[in-house]
Structures are given as structure tokens and as C-alpha cells.
> 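Structure incoming, see below.
These numbers were taken from a predicted model, which means no experiment stands behind them.
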2 protein chains.
Amino acid sequence: MTTRPLRADARRNIDAILEAATATLARDPDASVNDIARAAGVGRVTLYGHFENRAALVSAVVERAMADVDAVLQALDLSGDPAAALVRLVDATWAVTLRYGALVVAAERSLPAAEVAAAHGAPRERAQWLIDRGRAEGRFRTDLPASWLVTSLHTVTHAAANSVYDGELATDAAAHAIAATMLGLLTPPGEVVPDVAALTAH
Amino acid sequence: MTTRPLRADARRNIDAILEAATATLARDPDASVNDIARAAGVGRVTLYGHFENRAALVSAVVERAMADVDAVLQALDLSGDPAAALVRLVDATWAVTLRYGALVVAAERSLPAAEVAAAHGAPRERAQWLIDRGRAEGRFRTDLPASWLVTSLHTVTHAAANSVYDGELATDAAAHAIAATMLGLLTPPGEVVPDVAALTAH
DNA sequence: TTCATCTCGAACATCTGTGTTCAAGATATT
DNA sequence: AATATCTTGAACACAGATGTTCGAGATGAA
């Protein structure tokens with residue numbers, strides 16, 4: 001079945017809706033379809049003309065976001081010193097989190113668990129892989145479950161996003177704070193906590 | 001205005017409602033009044049007979065919870081070695097978090113921000129005080145905002161609660177994981193991360 | 001036992017959000 | 001200019017949650 005080409009204004013509206021939905025849901029995961037349509041400068045009926053469901057819309061938004069996230073993460077060099085690689089990973093993850101914020105929550109509420117897990121999977125595995133390598137080289141602590149360490153990284157990043165949103169933390173200060181926090185968090189007991197500044201020097 | 005004494009069954013029901021509401025909301029902050037009434041083994045109308053609003057109910061639940069939390073925290077000795085004191089604080093906080101879980105979220109959704117802030121205030125200040133002391137004694141890192149460190153502690157604790165709920169982490173392992181994670185997180189760059197086991201030895 | 005208090009289901013009003021239908025009008029395409 | 005495609009507000013049906021009212025019946029207090 002060949003899909004007939006969409007009219008130009010339709011394409012334009014679909015893009016506007018996806019863009020608005022991303023921004024709106026990243027701020028408020030409970031945003032109504034109405035809110036999103038209004039943010040896109042489009043009638044609610046038009047939105048439903050392009051997306052079956054609220055779920056279908058969220059799904060499309062998540063897919064788009066994940067493509068972006070994957071592109072950013074794939075372009076990342078995680079070789080070399082594990083601690084330095086972690087700082088690079090954190091910086092990249094931070095940029096992505098700032099952009100997509102609470103979108104995860106929106107996904108969790110209207111998408112089947114399997115789909116959410118799939119979206120979460122890739123970034124988590126990437127972090128896990130780096131942590132495993134750091135552990136193997138004796139740079140990261142091995143006295144706690146690796147999955148817990150990954151969860152901590154993830155959680156701290158989101159906490160930083162909230163802090164920025166609440167005005168407690170400046171956007172640029174946040175990146176440094178997250179990296180520093182995570183290095184401390186990963187350092188094995190009995191070892192010295194590295195300084196972020198020393199790692200980012202080139 | 002003197003309030004007439006309640007009949008015994010009324011008192012009993014009020015207690016049951018508060019108890020059920022606490023447990024139910026700690027699991028699902030979106031639980032409906034219906035769910036809560038059913039969990040309390042009471043008709044919905046009865047519930048509304050004792051509490052004006054959903055908000056009033058949540059408020060009562062939070063008040064009760066905070067009294068308990070305050071009691072636990074006040075009974076805590078935070079003197080001596082800051083790291084050891086932190087481990088004690090973490091253990092106490094952990095117990096409380098396990099009990100009240102997502103109740104905070106429920107509060108955030110149906111209570112005015114001021115009331116939520118007030119409830120949050122006391123425990124936060126307690127943590128902040130200990131961190132400040134540890135910083136003054138050179139045991140905790142001073143290169144990051146203290147408020148950020150407090151937020152991290154708070155966040156990591158909640159992440160652990162979720163992990164336990166998801167079955168990723170055993171309840172008893174979690175307490176150790178949180179304490180270990182936090183010690184690493186607070187250790188100043190250039191210093192050695194302490195071992196939790198060494199601190200809890202008596 | 002008497003009586004005020006309390007319980008409770010059923011039914012109702014209200015609100016908010018989702019999703020659909022319709023018919024008129026705007027716009028891209030050719 | 002002709003036409004298929006697209007947009008749109010208004011109106012509707014529906015679902016779930018909150019909060020209220022009523023009246024019959026259960027229960028505690030004296």
C-alpha cells in the first residue's frame with residue numbers, strides 16, 4: 001500500500017504539532033491534547049486528524065526524541081580514561097535531558113511499559129557499558145550493583161534538570177555539578193576522588 | 001467553640017481512613033478517593049463525612065506523617081564524625097521513605113505549594129545542617145552548592161525506594177547502597193572515599 | 001430502651017479530558 | 001479555475017473523578 005503524498009500545509013502542521021508536543025510535554029507531562037494543539041497553533045480536530053490517539057502522539061514524540069538522543073550518544077567517544085569518558089557522557093546526557101525533560105514521565109503514563117523500556121534501554125546500556133569498563137579497570141567502585149550506579153546517574157541528572165527548572169541551579173553550573181557528583185559517586189572506597197577540571201583539560 | 005466528642009465507631013473509621021490513605025497514597029499518589037475509602041473498608045460518603053475535601057484528607061495524612069518523621073529525626077544524634085552521622089541520618093531517612101514513599105507526590109498535586117514546602121523544610125534543614133558541619137570540618141566537598149548536595153541525597157533516597165519497589169534492589173541492601181553512594185558523593189576531590197563498614201563499626 | 005450519632009448505597013450534579021461527527025470554509029495542487 | 005485535500009469551531013457522546021443529597025438502617029451512649 002503506497003501512502004499518498006501529504007499536502008504541504010499538512011506536513012507543516014504535523015511538524016508543528018510534534019514540536020509543540022515535545023516542548024509542552026517536556027515541561028508538563030500531564031498536558032492535555034488541547035494544550036498541545038493550542039501550543040502548535042492548530043485546532044484540536046486537526047491534531048486528531050493526524051494522530052489517532054493521545055498515545056499515538058506521545059509515541060511519535062518519543063520516537064523522534066529517541067532518534068535525536070541516539071544520534072548524540074552514538075557520536076560519543078567513550079574510549080580512553082573511564083572517568084574522562086564519563087564526564088563526556090554526562091555532558092551529552094545533560095544536554096539531552098535539558099531538552100526533553102519530563103517527557104519520560106509522559107511516556108510512562110500513556111505508553112505500554114514495553115515501549116518505555118525499549119526507549120530507556122539504549123542509553124542505559126551505554127552507561128552500563130562504560131561503568132563496567134571502569135569497574136574492570138579498577139576506577140569505579142565494585143561494592144555496589146552496577147544497575148544501582150546507572151540508576152543513580154540517571155536520577156541525579158533528572159534532579160539537576162528539576163533544580164535548573166526551579167532556579168536553584170544555573171544551567172551551566174549544573175553540567176559541572178552533575179559530573180563532579182557522579183565522579184564522587186563512582187569512586188571506589190579507599191580511592192581518591194578525581195577532580196573534574198583535571199579530566200576536562202585537553 | 002467546643003467540639004463534641006466523637007462516637008467510638010467514628011473515631012475508629014477516621015483512623016482506618018488515615019491509615020489506608022497513607023498506605024494507598026504512598027503506593028499510588030493518584031489514587032482516587034474511592035480507592036482510599038475501599039481500602040479503609042468504608043463508604044465513600046463516610047469518608048466525605050469526616051474530611052471536607054480530597055485536599056483536606058491529604059493534608060491530614062501529611063500532617064500525621066510529618067509528626068512521625070519529625071519524631072524519628074529529632075531522636076537522632078548527629079554529633080561526632082560527620083560521615084558516621086551521615087550514615088545514621090541516611091538510615092533513619094531511609095526507613096521513613098520506605099514507609100511514606102510517593103506520599104510527597106500526592107501532596108505536591110493536591111496541596112498548596114506553601115504547605116508542601118513547609119513539610120519538606122524540616123528534614124531538608126536537618127540534612128543541610130549536617131552537610132554544612134561536615135564541610136566546615138573539611139570532610140565534605142565544598143566545590144558544589146550545599147543545596148545541590150542536599151537535593152542529591154534526597155533524590156538518591158527516592159531512587160532507591162523506586163528500585164526496591166521495582167525489585168531491582170533488596171530492601172536491606174538498599175540502605176547500605178544509599179549510604180555508600182552518598183559518602184562518595186560528598187567526599188571532596190583529592191580526598192579518599194571512606195568505607196561505610198568502617199563507620200558503622202561500634 | 002431510647003435517641004442522637006454515624007454509616008452507606010444510590011442517585012445526582014459538575015468538571016475535565018478524550019475522541020468523534022459535521023458542515024462550512026480555506027488552501028494547495030494541477 | 002477546478003478540485004481534492006486540509007482545517008476548523010461547534011456540538012456531541014463518553015468516561016472517570018469529585019462532591020452532595022437523601023433516606024433507610026445500624027450502632028454507640030445513657
> Starting from C1' on dT27(C), measure out to CZ on Arg11(A) and report it in whole angstrom.
17 Å
> Test of understanding: with salt bridge (Lys or Arg N to Asp or Glu O under 4.0 Å), list the residues that count as partners of Asp28(A), not counting sequence neighbours.
none
> Under 4.0 Å, heavy atoms only, any strand: does Arg12(B) hit a base, just the sugar-phosphate, or nothing?
sugar-phosphate
> His176(A): which residues meet the ring pair (Phe, Tyr, Trp, His ring centres under 6.0 Å) condition with it, sequence neighbours left out?
none
> Residues two or more places apart in sequence or in another chain: which of them pass side-chain hydrogen bond (donor to acceptor under 3.5 Å, both in side chains) with Asp195(B)?
none
> Mind listing the residues from residues 30-61 of chain B sitting with a heavy atom below 4.0 Å of DNA chain C? Number order is fine.
Val42(B), Gly43(B), Arg44(B), Val45(B), Thr46(B), His50(B)
> Strictly by ring-ring contact (aromatic ring centres under 6.0 Å, His included), give each pair with a member in residues 97-124 of chain B just once, sequence neighbours left out.
His120(B)-His154(B)
> Going by atom type alone, with no hydrogens or angles, which donor-acceptor pairs under 3.5 Å involve a side-chain atom of residues 53-60 of chain B and a protein atom two or more places apart or on another chain?
unit_1   : atom_1 : unit_2    : atom_2 : d
Arg54(B) : NH2    : Ala31(B)  : O      : 2.2
Ser59(B) : OG     : Glu115(B) : OE2    : 2.6

> What's the CG-C1' distance between Asp9(A) and dC6(D), to the nearest Å?
6 Å
